Amino acid sequence: MLYVTRREVFSASHRLFIENLSDEENKRIFGKCSNPNGHGHNYILEVTVAGEADPATGYVVDLKVLKELIQKEIIQKVDHKNLNVDVDFLQGKNPTVENIVSSIWDQLVEKIPSGKLYSIKLRETENNYVEYKGKE
Ligand code: NI
């Protein structure tokens, strides 16, 4: 099995909060990410497709096509946006890395041109990332 990864970056703002908790309680749970007026991150997204190489092209997936797909379905919708309000596929979700990464999976899984979506990694800070490999 071969694993092919495309990396893309985007910058976005968010505020993590649970609606029926006070600002104090939200701050205790979500820290800086619960700043009432939001704050920003530079996110790094990695999309990995698994499969066998096509005998004719030698590719598992055409990275040019994969890049365009990620740009169109994800990056154009999230880059320089407010993840709490601007993004159709995040509506009604608390934009934690966990919720963002599984939502990105759902946006891409049926559209991968060849091979099979294997994992999506999303890095929010230098030291934290979440990886999603679909439902068990
Ligand atoms: Ni944050």
Side-chain angles (χ1 to χ4, degrees):
M1 191 67 80
L2 296 158
Y3 299 89
V4 176
T5 300
R6 175 69 195 182
R7 178 183 184 272
E8 295 287 337
V9 298
F10 64 92
S11 301
S13 69
H14 72 168
R15 182 193 178 206
L16 301 184
F17 68 105
I18 296 169
E19 214 166 78
N20 53 12
L21 297 185
S22 67
D23 283 357
E24 272 310 282
E25 289 170 300
N26 274 306
K27 195 172 176 215
R28 190 173 50 75
I29 298 169
F30 298 115
K32 280 190 291 197
C33 286
S34 196
N35 184 45
N37 293 324
H39 78 158
H41 292 280
N42 296 316
Y43 291 93
I44 299 171
L45 174 66
E46 288 184 7
V47 175
T48 300
V49 173
E52 305 290 339
D54 180 291
T57 60
Y59 285 167
V60 172
V61 60
D62 185 332
L63 278 164
K64 193 158 61 311
V65 177
L66 183 62
K67 172 197 165 177
E68 283 160 8
L69 175 72
I70 302 168
Q71 281 289 335
K72 175 169 173 270
E73 299 295 332
I74 310 298
I75 304 300
Q76 286 174 16
K77 296 181 180 180
V78 296
D79 193 28
H80 292 88
K81 296 288 168 57
N82 179 334
L83 301 179
N84 291 86
V85 293
D86 292 329
V87 182
D88 56 0
F89 64 82
L90 294 175
Q91 288 303 314
K93 294 176 182 164
N94 196 25
T96 60
V97 191
E98 289 87 336
N99 284 338
I100 302 167
V101 86
S102 57
S103 301
I104 290 175
W105 174 283
D106 291 342
Q107 291 303 299
L108 295 178
V109 66
E110 304 290 331
K111 298 188 177 111
I112 300 298
S114 62
K116 200 169 155 245
L117 187 56
Y118 173 75
S119 87
I120 298 194
K121 261 189 207 173
L122 186 64
R123 185 177 292 278
E124 191 180 64
T125 70
E126 193 82 10
N127 299 317
N128 300 339
Y129 74 82
V130 174
E131 181 170 21
Y132 186 62
K133 293 181 172 176
K135 288 199 174 83
E136 277 303 295

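Just so you know, these numbers use all the heavy atoms, side chains as well, and skip hydrogens, waters and symmetry mates. Owing to the predicted nature of the structure, the values given are computational and were not obtained by experimental measurement. Just follow the structure's listing: the first ligand is 1, and inside any ligand the first atom is 1.
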Classify the side-chain pair Glu46/Thr5 by whether it contains a donor and acceptor separated by less than 3.5 Å. no
Glu124 and Tyr129 side chains, donor-acceptor separation under 3.5 Å: no
Side-chain heavy atoms of Asn26 within contact of Ile18, under 4.5 Å: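 Result yes, sub-4.5 Å side-chain heavy-atom pair found.
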With a 4.5 Å limit on heavy-atom distance, are the side chains of Phe10 and Ile70 in contact?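 Phe10 does not reach Ile70 side chain to side chain.
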Do Asp88 and Lys81 meet the salt-bridge criterion of a basic N to acidic O distance under 4.0 Å? no
Heteroatom count (protein N, O or S) under 2.8 Å of the Ni ion (ligand 1):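 Those protein atoms number 4 in total.
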For the atom pair CZ (Arg15) and OG (Ser34), what is the distance rounded to the nearest 0.5 Å?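 Between Arg15 CZ and Ser34 OG, I get 4.5 Å after rounding to 0.5 Å.
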